[in-house]
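Read through the structure below, which is laid out as structure tokens, and then see the notes.
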2 protein chains.
Amino acid sequence: MALATRERILEAAGATLSRNPNASLDQIAVEARVGRATVFRHFESRAGLLKALASRAIDETDRATRLAAADARTATDALRLITQAVVGAGESFRFLDSAAELYDEPEIVEAYQRQMSELADLVGAAKREGFIRPDLPTAWVVASIDGLIWAACRAVGDGELGVVQAQDLVWETIASGLSAEGAREDRHADQA
Amino acid sequence: MALATRERILEAAGATLSRNPNASLDQIAVEARVGRATVFRHFESRAGLLKALASRAIDETDRATRLAAADARTATDALRLITQAVVGAGESFRFLDSAAELYDEPEIVEAYQRQMSELADLVGAAKREGFIRPDLPTAWVVASIDGLIWAACRAVGDGELGVVQAQDLVWETIASGLSAEGAREDRHADQA
DNA sequence: CTTGAATGAGACTTTATAGTCTCGTTCCCT
DNA sequence: AGGGAACGAGACTATAAAGTCTCATTCAAG
């Protein structure tokens with residue numbers, strides 16, 4: 001079955017590349033229990049495989065975003081749902097750490113920038129809801145959410161935390177770290 | 001001058017590799033304004049260059065750790081000094097993201113694990129001081145500090161934040177994110 | 001049973017890059 | 001001025017991995 005094979009290759013590529021970002025197609029083929037030639041039957045080239053993997057991660061994020069937008073009543077809630085969804089699907093994302101080649105793919109870069117900008121919008125809305133401290137630069141809020149998600153995925157992959165535990169901890173850390181939390185009167189207006 | 005050349009190569013390697021983790025020695029040599037052969041005169045091989053780069057980052061961290069241990073009166077303060085020192089030297093560390101090859105270097109791996117374990121000890125001490133919430137797994141605290149430092153280095157490298165601003169924001173985020181609710185007054189020992 | 005699509009295995013070519021070597025030049029030191 | 005160390009340039013080799021091609025095999029559908 002062609003579809004199952006293609007899927008198995010993608011799965012193996014994600015797993016192998018998250019362990020070793022420079023893994024060869026041969027290693028990926030072995031991991032997928034597939035001939036190396038079959039990889040080329042399903043993907044034009046190594047770049048094509050990487051691109052398909054990235055598209056998959058992007059689609060997964062888009063789906064989570066749409067679900068969150070539908071279910072959540074507040075931007076804060078949407079932020080939480082998206083964050084936890086991405087941590088839950090962490091294995092699909094870890095390979096992106098090293099995917100410098102993808103900077104050459106306009107579609108991927110564009111989609112990534114769109115998602116970051118959507119995240120920034122959500123952070124802006126969460127600021128207006130009073131959840132995110134308005135004095136923090138949005139760029140930093142986005143970057144640190146990214147960093148915490150990455151840390152969580154890594155911890156899960158390394159077996160240091162369970163998935164559910166990691167999801168909770170990430171949100172806990174984001175919340176207590178970035179939320180305005182009413183009872184905070186500390187004058188910190190001094191970050192230029 | 002041999003020493004200046006070696007230093008220039010290391011500098012260029014750090015800069016080039018942080019932009020493109022798979023950069024060739026040729027690209028690095030060009031960036032260093034040096035002949036490719038000269039790279040091999042100063043370093044045994046590509047692996048040797050990577051190893052030297054990593055050793056440099058490790059030494060820098062050790063120095064910051066010793067300074068912090070000498071200057072700080074509390075583990076919390078030491079944690080802050082170390083964190084900000086690493087963010088300040090971020091350009092020396094970004095290349096490590098992708099340095100999967102370094103897993104083959106026992107000295108590097110050992111030194112890295114030692115530093116992580118020192119960081120974990122410091123986190124433990126900061127817990128006892130009441131700064132870090134004791135109910136958070138130490139592994140998660142270490143991982144998220146790592147993640148936030150990484151996010152800050154990236155933001156600085158991308159020009160989204162200034163170095164000093166990033167140093168402040170990282171610590172601010174760690175503090176409000178991981179500290180026990182009661183211990184909030186100690187944290188505004190304003191940084192240089 | 002027959003057929004055709006998907007596959008595995010592996011030979012083969014191509015390309016990029018690591019690593020080696022040589023030679024002429026520059027530049028510093030005495 | 002003379003001499004040696006460090007360097008730049010580039011030719012050269014070795015190797016690993018990408019990408020192409022062929023052929024025999026499997027396997028499901030008719």
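Numbered from 1 within each chain, the chains take letters A, B, ... in sequence-line order.
Among residues two or more places apart in sequence or in another chain, the side-chain contact (heavy atoms from CB on, under 4.5 Å) test is passed with A:Glu107 by A:Lys51.
Identified under the ring pair (Phe, Tyr, Trp, His ring centres under 6.0 Å) test for residues 7-36 of chain A, with sequence neighbours left out: none. Under the side chain to side chain donor-acceptor pair (under 3.5 Å) criterion, the residue pairs touching residues 119-131 of chain A are A:Thr76-A:Glu129, A:Lys127-A:Thr138, with sequence neighbours excluded. Residue pairs meeting the ring pair (Phe, Tyr, Trp, His ring centres under 6.0 Å) criterion with at least one member in residues 64-84 of chain B: none, sequence neighbours excluded.
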Distance-only donor-acceptor pairs under 3.5 Å for side chains of residues 31-41 of chain A, two or more places apart:
{"from": "A:Glu31", "atom 1": "OE1", "to": "A:Arg19", "atom 2": "NH2", "distance (Å)": "2.9"}
{"from": "A:Thr38", "atom 1": "OG1", "to": "A:Arg41", "atom 2": "NH1", "distance (Å)": "3.3"}

Give the table of side-chain donor-acceptor pairs shorter than 3.5 Å for residues 58-71 of chain B, with sequence neighbours excluded, one pair per line with atom names and distance.
{"from": "B:Thr61", "atom 1": "OG1", "to": "B:Ala57", "atom 2": "O", "distance (Å)": "2.9"}
{"from": "B:Asp62", "atom 1": "OD1", "to": "B:Arg114", "atom 2": "NH1", "distance (Å)": "3.2"}
{"from": "B:Asp62", "atom 1": "OD1", "to": "B:Gln115", "atom 2": "NE2", "distance (Å)": "3.1"}
{"from": "B:Asp62", "atom 1": "OD2", "to": "B:Arg114", "atom 2": "NH2", "distance (Å)": "3.0"}
{"from": "B:Thr65", "atom 1": "OG1", "to": "B:Thr61", "atom 2": "O", "distance (Å)": "2.8"}

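Using a 4.0 Å cut-off on heavy atoms, none of the residues of residues 50-57 of chain B approach DNA chain D.
Protein atom CZ of B:Phe43 is 15 Å distant from nucleotide atom P of C:dT20, rounded to whole Å. Atom CD1 in B:Ile28 sits roughly 11 Å away from atom P in C:dT17 (whole-Å rounding).
Distances shown here put every side-chain N or O of B:His42 at or beyond 4.0 Å from the OP1 or OP2 atom of D:dA6. Contact check, A:Thr38 against C:dT7: no side-chain N or O comes under 4.0 Å of OP1 or OP2.
Applying the under-4.5 Å side-chain rule to Ile, Leu, Val, Met, Phe, Trp and Tyr, the cluster around A:Val163 extends to A:Val156.
Taking CG of A:Leu17 as the reference point, atom CG of A:Leu53 lies at 6.5 Å (rounded to 0.5 Å).
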Quick one, give me the B/S/- string for nucleotides 10-22 of chain D, reading 5' to 3', where B means a protein heavy atom under 4.0 Å from the base and S means that only happens at the primed atoms, P, OP1 or OP2.
B------SBBBBB

